[in-house]
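Encoded as structure tokens, the structure appears first; notes follow it.
Below, all heavy atoms of this structure are taken into account, side chains as well, without hydrogens, waters or symmetry copies. Atoms within a ligand are numbered from 1 in the order they appear, just like the ligands themselves. The first residue of the sequence shown is numbered 1, and numbering continues consecutively from there.
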Amino acid sequence: MGGACSSRSQVHESELKLLLLGGANVGKSTIFKQMRLLYKEGFEEKDRDWARGCIHENIMETLIDLDAATDDFGVEVLEENEELVDEIKPELLSYKVRDMTKPAPRLEIWDSLERLWNDPGIQAAFQEIQHPTHQEAARKDRNIAISTGYFLKQLDRIKREDFVPTDDDILHLRRSTSDSERIDFKMEVMTLVGMPAVLKIDCVDVGGQAHERTEWPRHAEGVSAVLYVLSLSEFCSFGQNGANVLQSQLDLLEMVRETECFGQTTIIVLLNKVDILEAKLKGLNLSDTFPDYTGNNDRDDVVNFFKVKVAGILSRKKEDQNGQPLPDAGSASANGDHQDMEGGSKEVEAQMGNIIATCATDTELMRNIIERIGQSILQKTLAESKFF
Ligand SMILES: Nc1nc2c(ncn2[C@@H]2O[C@H](COP(=O)(O)OP(=O)(O)OP(=O)(O)O)[C@@H](O)[C@H]2O)c(=O)[nH]1
Ligand SMILES: [Mg+2]
């Protein structure tokens, strides 16, 4: 990382290298896309063409999955609609091998897609899947994306020949990252002493699926901060190995913290998908999957509970190095109030500022958060270099 002070304008310039890490589907690429939207030219025509094909594919896949899920929920599609899914399947197959220029699905397919979507059996299966108590079981088996409803509810707009995906459409699109992507941009911030500063940010997004993680250390060199993304909405999901998905993401954070190449790097943790968390808490109790939580089933308390848990993980290594006993920060905060942390570990308190609740699909919120992150890393860097 470099830093310079321009004598002409007296504006401090710093370069920060950020690395987005976290499990699969937590929202890393969504944050990366927000950076493009907020600080670069946004999405180009080729991005929208690509997204159009992905949205079409997503709709076909989801309707096929919903059709299959009707059995799980003991509902049936109308007799006259039973053959529709067999018309959609070959169309989807041909779509899977498409290139960028692949035209939209045939008109007849849109008719089949609409009829199937409006079928009472499919609607019933969709309602079941939206219901928090069923959602996880259904999604686990059928791999139905959480963003499903967003596109299906807008079939009228999407089926139009002149459909061009909006920024929001692209933010809601689920596409697993396999090749890392890099973005660089400039951002103006104020230092805590009121001095203007320009941050040159270089950010890398990597894939979060297990087989992609072997690539992570390759991007570690020169990183100013890791942005580790967790998806709070997964508090009630279980992976194929039977482990709770959110707990696995917390364990992965611990592994990152202990990996030599990230050991000295600042880690900022984004507790993402708080909007979905809030919706799920209306039907599910956190204490059912995190028995050490004894607080209210309220969004803010739950977020705070995880903030303290994460702060415990982030502070653990330093305490290890000093040979101090480790406080169990997670259970100490089981009432959701970090003020009540037993022992009131200073290390844990110090880490709380590095943990931020986010909703990555909310552009204005993310503008605020990205600037806050930039400012806080800059401040840390300046303090370390005793520049101010
Ligand atoms: N409602 C909601 N959806 C979100 C949020 N963040 C991300 N998503 C959606 O979650 C899905 C997955 O997001 P991605 O950004 O692709 O996840 P990722 O971490 O890059 O996943 P990998 O590339 O597989 O590692 C997308 O459909 C996003 O639109 C959020 O805060 N709220
Ligand atoms: Mg991604």
Check this for me - ligand 1, Val206, N or O atoms closer than 3.5 angstrom, yes or no?
no
So if I count the atoms of ligand 1 from 1 in the order they appear, which ones are less than 4.0 Å from some heavy atom of [X]?
X	result
Ser176	23 (O), 24 (O)
Gly27	7 (C), 13 (O), 14 (P), 15 (O), 17 (O), 18 (P), 19 (O)
Gly208	22 (P), 25 (O)

Passing option when [X] is tested against [options] for side-chain contact (heavy atoms from CB on, under 4.5 Å):
X	options	answer
Leu232	Leu246, Ile276, Leu281, Leu270	Leu246
Ile355	Val303, Ile267, Val310	Val310
Val269	Asn354, Thr358, Leu314	Leu314

Answer yes or no: is there an ion pair linking Arg157 with Asp169, defined by an N-O contact shorter than 4.0 Å?
yes
Tell me whether Asp167 is salt-bridged to Arg48, with the criterion being a basic N under 4.0 Å from an acidic carboxylate O.
yes
With heavy atoms only and a cut-off of under 4.0 Å, state how Leu173 meets ligand 1: side chain, backbone, both or neither.
backbone
What part of Ile31, side chain from CB on, backbone N/CA/C/O, both or neither, has a heavy atom under 4.0 Å from ligand 1?
neither
Near Arg160 CZ, under 6.0 Å, is it more than 12 heavy atoms from other residues, nucleotides or ligands?
no
Which of the listed options, [options], holds the heavy atom that is closest to [atom]?
atom	options	value
atom 15 (O) of ligand 1	Ile170, Asn272, Leu21, Thr30	Thr30
atom 23 (O) of ligand 1	Asn25, Val26, Thr361, Thr177	Thr177
atom 29 (O) of ligand 1	Leu171, Leu365, Val274	Leu171

Heavy-atom distance under 4.5 Å between the side chains of Asp292 and Lys309, does that happen here?
yes
In the structure I gave you, are the side-chain heavy atoms of Trp110 and His56 within less than 4.5 Å of one another anywhere?
yes
Gly207 near ligand 1, heavy-atom distance under 4.0 Å?
yes
If the cut-off is 2.8 Å, does any N/O/S atom of Thr30 fall short of it from the Mg ion (ligand 2)?
no
